[in-house]
> 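First the structure, then my questions, so here it is.
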Amino acid sequence: VLDSQYGLYVWPCAVVLAQYLWFHRTTLPGKKVLEIGAGVSLPGLVAAKCGAEVILSDSEELPQCLENCRKSCLMNDLPDVPVIGLTWGRVSPELLSLAPVDIILGSDVFFEPKDFEDILTTVYFLMEKNPHAQFWTTYQVRSADWSIEALLCKWKLKNSHVPLHSFNADKEHLASSSLPGRHTIEMMIISLARSDGT
(Lines give C-alpha, C1' and ligand atoms only; values in the text may rest on other atoms or scores of the structure.)
Protein backbone atom coordinates (compact mmCIF):
# COMPACT_ATOMS: atom_id res chain seq x y z
CA VAL A 1 0.00 0.00 0.00
CA LEU A 2 1.65 3.18 -1.16
CA ASP A 3 -0.66 5.77 0.39
CA SER A 4 1.52 7.32 3.08
CA GLN A 5 -1.33 8.31 5.40
CA TYR A 6 -0.85 6.84 8.88
CA GLY A 7 -2.76 3.57 8.69
CA LEU A 8 -2.68 3.05 4.95
CA TYR A 9 0.98 2.32 4.35
CA VAL A 10 3.46 -0.41 5.24
CA TRP A 11 5.93 1.59 7.31
CA PRO A 12 9.54 0.39 7.78
CA CYS A 13 8.91 -0.42 11.45
CA ALA A 14 6.19 -2.91 10.46
CA VAL A 15 8.67 -4.87 8.37
CA VAL A 16 11.18 -4.98 11.24
CA LEU A 17 8.53 -6.11 13.74
CA ALA A 18 7.28 -8.73 11.27
CA GLN A 19 10.88 -9.98 11.02
CA TYR A 20 11.01 -10.30 14.82
CA LEU A 21 7.77 -12.31 14.80
CA TRP A 22 9.06 -14.57 12.03
CA PHE A 23 12.35 -15.06 13.86
CA HIS A 24 10.37 -16.18 16.95
CA ARG A 25 7.65 -18.02 15.03
CA THR A 26 8.01 -21.26 16.98
CA THR A 27 6.92 -19.46 20.17
CA LEU A 28 3.74 -18.01 18.66
CA PRO A 29 1.27 -20.92 18.21
CA GLY A 30 -1.56 -20.54 20.71
CA LYS A 31 -0.41 -17.13 21.98
CA LYS A 32 -3.10 -14.47 22.27
CA VAL A 33 -1.88 -11.42 20.37
CA LEU A 34 -3.36 -7.94 19.96
CA GLU A 35 -1.95 -5.49 17.42
CA ILE A 36 -2.69 -1.86 18.25
CA GLY A 37 -2.59 0.85 15.60
CA ALA A 38 -2.52 -2.00 13.12
CA GLY A 39 -3.07 -0.07 9.88
CA VAL A 40 -2.33 -2.58 7.11
CA SER A 41 -1.57 -5.14 9.85
CA LEU A 42 1.66 -6.71 8.60
CA PRO A 43 2.96 -7.79 12.06
CA GLY A 44 -0.44 -9.11 13.17
CA LEU A 45 -0.90 -11.04 9.94
CA VAL A 46 2.54 -12.63 10.29
CA ALA A 47 1.68 -13.62 13.87
CA ALA A 48 -1.61 -15.16 12.68
CA LYS A 49 0.15 -17.06 9.89
CA CYS A 50 2.55 -18.40 12.54
CA GLY A 51 -0.33 -19.82 14.62
CA ALA A 52 -1.09 -17.04 17.11
CA GLU A 53 -4.67 -16.12 18.00
CA VAL A 54 -4.66 -12.54 16.74
CA ILE A 55 -6.96 -9.55 17.14
CA LEU A 56 -6.23 -6.48 15.04
CA SER A 57 -7.17 -3.01 16.24
CA ASP A 58 -6.95 0.57 15.14
CA SER A 59 -8.68 3.75 16.21
CA GLU A 60 -12.46 3.55 16.29
CA GLU A 61 -12.34 7.09 14.85
CA LEU A 62 -10.61 5.85 11.68
CA PRO A 63 -13.07 3.53 9.91
CA GLN A 64 -10.87 3.53 6.79
CA CYS A 65 -8.02 2.01 8.81
CA LEU A 66 -10.33 -0.63 10.27
CA GLU A 67 -11.55 -1.47 6.77
CA ASN A 68 -7.92 -1.71 5.65
CA CYS A 69 -7.26 -4.25 8.43
CA ARG A 70 -10.21 -6.33 7.20
CA LYS A 71 -9.03 -6.14 3.58
CA SER A 72 -5.52 -7.20 4.60
CA CYS A 73 -6.99 -10.22 6.38
CA LEU A 74 -9.03 -11.23 3.34
CA MET A 75 -6.12 -10.77 0.94
CA ASN A 76 -3.99 -13.02 3.16
CA ASP A 77 -6.57 -15.80 3.59
CA LEU A 78 -7.24 -14.88 7.22
CA PRO A 79 -10.96 -14.01 7.12
CA ASP A 80 -11.57 -15.03 10.75
CA VAL A 81 -9.11 -12.60 12.38
CA PRO A 82 -11.22 -10.15 14.40
CA VAL A 83 -10.80 -6.41 13.78
CA ILE A 84 -11.92 -4.01 16.51
CA GLY A 85 -11.89 -0.27 17.07
CA LEU A 86 -9.67 0.73 20.01
CA THR A 87 -8.70 4.32 20.58
CA TRP A 88 -5.58 4.76 22.72
CA GLY A 89 -6.27 6.24 26.12
CA ARG A 90 -10.02 5.64 25.93
CA VAL A 91 -11.72 3.06 28.11
CA SER A 92 -14.33 1.64 25.75
CA PRO A 93 -16.61 -1.41 25.85
CA GLU A 94 -14.29 -3.06 23.29
CA LEU A 95 -11.26 -2.54 25.54
CA LEU A 96 -13.11 -3.68 28.66
CA SER A 97 -14.39 -6.85 26.99
CA LEU A 98 -11.00 -7.96 25.63
CA ALA A 99 -9.78 -11.23 27.09
CA PRO A 100 -6.23 -11.18 28.49
CA VAL A 101 -3.53 -11.19 25.81
CA ASP A 102 0.02 -12.51 25.92
CA ILE A 103 1.60 -10.14 23.41
CA ILE A 104 0.68 -6.63 22.33
CA LEU A 105 2.18 -5.53 19.03
CA GLY A 106 2.73 -1.95 17.91
CA SER A 107 4.83 -0.85 14.97
CA ASP A 108 5.64 2.86 14.81
CA VAL A 109 2.88 3.76 17.25
CA PHE A 110 5.29 6.14 19.01
CA PHE A 111 4.97 8.63 16.15
CA GLU A 112 3.23 11.65 17.70
CA PRO A 113 4.47 12.64 21.19
CA LYS A 114 0.94 13.77 22.12
CA ASP A 115 -0.15 10.10 21.84
CA PHE A 116 2.63 8.52 23.92
CA GLU A 117 0.84 8.55 27.27
CA ASP A 118 -2.45 7.38 25.74
CA ILE A 119 -0.62 4.42 24.21
CA LEU A 120 1.05 3.50 27.48
CA THR A 121 -2.16 3.83 29.51
CA THR A 122 -3.85 1.42 27.11
CA VAL A 123 -0.89 -0.98 27.31
CA TYR A 124 -0.88 -0.75 31.11
CA PHE A 125 -4.62 -1.51 31.24
CA LEU A 126 -4.06 -4.60 29.07
CA MET A 127 -1.12 -5.73 31.19
CA GLU A 128 -3.21 -5.48 34.35
CA LYS A 129 -5.36 -8.25 32.85
CA ASN A 130 -2.25 -10.39 32.30
CA PRO A 131 0.80 -9.21 34.29
CA HIS A 132 3.03 -11.49 32.18
CA ALA A 133 2.03 -9.82 28.90
CA GLN A 134 4.66 -8.04 26.84
CA PHE A 135 4.40 -5.12 24.42
CA TRP A 136 6.65 -5.74 21.41
CA THR A 137 7.18 -2.45 19.61
CA THR A 138 9.38 -0.98 16.93
CA TYR A 139 9.80 2.73 16.37
CA GLN A 140 11.65 5.00 14.00
CA VAL A 141 14.04 7.45 15.64
CA ARG A 142 12.81 10.86 14.54
CA SER A 143 13.97 13.18 17.31
CA ALA A 144 16.48 12.83 20.13
CA ASP A 145 14.12 14.97 22.23
CA TRP A 146 11.32 12.38 22.20
CA SER A 147 11.42 9.96 25.10
CA ILE A 148 8.99 7.71 26.90
CA GLU A 149 11.25 7.03 29.91
CA ALA A 150 9.34 9.31 32.32
CA LEU A 151 6.03 7.86 31.16
CA LEU A 152 7.27 4.30 31.62
CA CYS A 153 8.20 5.16 35.19
CA LYS A 154 4.86 6.87 35.80
CA TRP A 155 2.92 3.82 34.57
CA LYS A 156 5.21 1.31 36.36
CA LEU A 157 6.48 -0.16 33.11
CA LYS A 158 9.99 -1.12 32.07
CA ASN A 159 11.56 -1.57 28.68
CA SER A 160 14.26 -3.79 27.27
CA HIS A 161 16.09 -2.82 24.11
CA VAL A 162 16.24 -5.56 21.48
CA PRO A 163 19.25 -5.23 19.14
CA LEU A 164 18.19 -5.58 15.50
CA HIS A 165 21.13 -7.85 14.70
CA SER A 166 19.77 -10.37 17.24
CA PHE A 167 16.94 -11.22 14.82
CA ASN A 168 18.65 -10.47 11.50
CA ALA A 169 16.89 -7.12 11.01
CA ASP A 170 19.95 -4.89 10.81
CA LYS A 171 19.89 -4.79 7.01
CA GLU A 172 18.45 -2.31 4.53
CA HIS A 173 16.48 -5.07 2.79
CA LEU A 174 14.26 -7.55 4.63
CA ALA A 175 12.23 -10.31 2.99
CA SER A 176 12.78 -8.92 -0.53
CA SER A 177 11.54 -5.50 0.63
CA SER A 178 13.57 -2.30 0.41
CA LEU A 179 11.98 -1.37 3.72
CA PRO A 180 13.36 -0.59 6.28
CA GLY A 181 15.95 1.07 4.02
CA ARG A 182 18.23 3.59 5.68
CA HIS A 183 15.86 4.54 8.51
CA THR A 184 17.04 4.30 12.10
CA ILE A 185 14.67 1.81 13.68
CA GLU A 186 14.76 0.51 17.23
CA MET A 187 12.90 -2.30 18.95
CA MET A 188 11.96 -2.69 22.58
CA ILE A 189 9.87 -4.98 24.73
CA ILE A 190 7.82 -3.24 27.41
CA SER A 191 6.51 -5.11 30.43
CA LEU A 192 5.27 -4.36 33.93
CA ALA A 193 7.98 -3.33 36.35
CA ARG A 194 8.23 -5.37 39.54
CA SER A 195 7.27 -3.72 42.80
CA ASP A 196 10.96 -2.93 43.42
CA GLY A 197 11.00 -0.91 40.18
CA THR A 198 12.99 -3.40 38.08
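Below, all heavy atoms of this structure are taken into account, side chains as well, without hydrogens, waters or symmetry copies. Since this is a predicted model, take the numbers as computed values, not measurements.
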> Nearest 0.5 Å please: distance from the CZ atom of Phe135 over to the CD1 atom of Ile119.
6.5 Å
> Report the C-alpha distance between Cys50 and Leu21 in whole Å, list the side-chain angles of each, state the deciding distance to 0.1 Å, and finish with yes or no for side chain to side chain contact (heavy atoms under 4.5 Å, CB included).
CA-CA 8 Å; Cys50 291; Leu21 288 155; 5.9 Å; no
> Say you draw a straight line from CG of Leu126 to CD1 of Ile104; how long is it, rounded to the nearest 0.5 Å?
4.5 Å
> Hey, does Pro93 have a side-chain heavy atom less than 4.5 Å from the side chain of Leu96?
no
> Is Trp88 atom CH2 crowded by more than 12 heavy atoms from other residues, nucleotides or ligands, each under 6.0 Å away?
yes
> Quick one: do Leu42 and Val46 satisfy side chain to side chain contact (heavy atoms under 4.5 Å, CB included)? Show the steps, please.
CA-CA 6 Å; Leu42 178 62; Val46 169; 4.1 Å; yes
> Give a yes or no answer on whether the side chain of Lys129 reaches the backbone of Leu98 with a donor-acceptor pair at less than 3.5 Å.
yes
> What verdict does the side chain to side chain contact (heavy atoms under 4.5 Å, CB included) test give for Leu86 and Leu34, after you've listed the backbone C-alpha separation in whole Å, the side-chain angles of each residue and the deciding distance to 0.1 Å?
CA-CA 11 Å; Leu86 286 182; Leu34 170 69; 4.1 Å; yes
> Taking the side chain as everything from C-beta on, heavy atoms only, tell me whether His24 gets closer than 4.5 Å to Ile103.
no
> So does Gly39 get a backbone contact from the side chain of Ser41, meaning a donor-acceptor N/O pair under 3.5 Å?
yes
> Just by modelled atom types, is the Glu186 backbone N or O under 3.5 Å from a matching donor or acceptor in the Thr138 side chain?
no
> Please report the interatomic distance CE(Met187) to CG(Leu17), rounded to the nearest 0.5 Å.
5.5 Å
> Any link between Ile55 and Leu74 through a network of hydrophobic side chains (Ile, Leu, Val, Met, Phe, Trp, Tyr) touching at under 4.5 Å?
no
> For residues Asp115 and Val109, determine if any side-chain heavy atom of one lies less than 4.5 Å from a side-chain heavy atom of the other.
no
> Given 3.5 Å as the limit, does a donor-acceptor pair link the side chain of Ser107 with the main chain of Cys13, or not?
no
> Hey, could you give me the SG/CG distance between Cys153 and Asn159, rounded to the nearest 0.5 Å?
11.0 Å
> Less than 4.5 Å apart, any side-chain heavy atom of Lys156 and any of Leu192?
no
> Establish whether Val81 and Met75 are linked, either directly or via other cluster members, by ILVMFWY side-chain heavy-atom contacts under 4.5 Å.
no
> Side-chain contact, heavy-atom cut-off 4.5 Å: Ile190 with Trp155?
no
> Rounded at 0.5 Å granularity, tell me how far CZ in Phe110 sits from CG in Asp108.
10.5 Å
> Would you say the side-chain atoms of Gln19 pair up with the backbone N or O of Phe167, donor to acceptor, closer than 3.5 Å?
yes
> Would a distance-only check, ignoring hydrogens and angles, find a side-chain to backbone donor-acceptor pair under 3.5 Å from Ser57 to Gly85?
no
> Between NZ of Lys31 and CG of Asp102, what distance do you get to the nearest 0.5 Å?
5.0 Å
> Using only atom types and a distance under 3.5 Å, with no angle test, would you say the side chain of Asn130 pairs donor to acceptor with the backbone of Val101?
yes
> Any heavy-atom pair between the side chains of Tyr20 and Ile189 that's under 4.5 Å?
yes
> In this structure, are over 12 heavy atoms from other groups packed under 6.0 Å from His132 atom NE2?
no
> Taking the side chain as every heavy atom from C-beta outward, state whether Met127 and Leu157 have any pair of such atoms under 4.5 Å apart.
yes
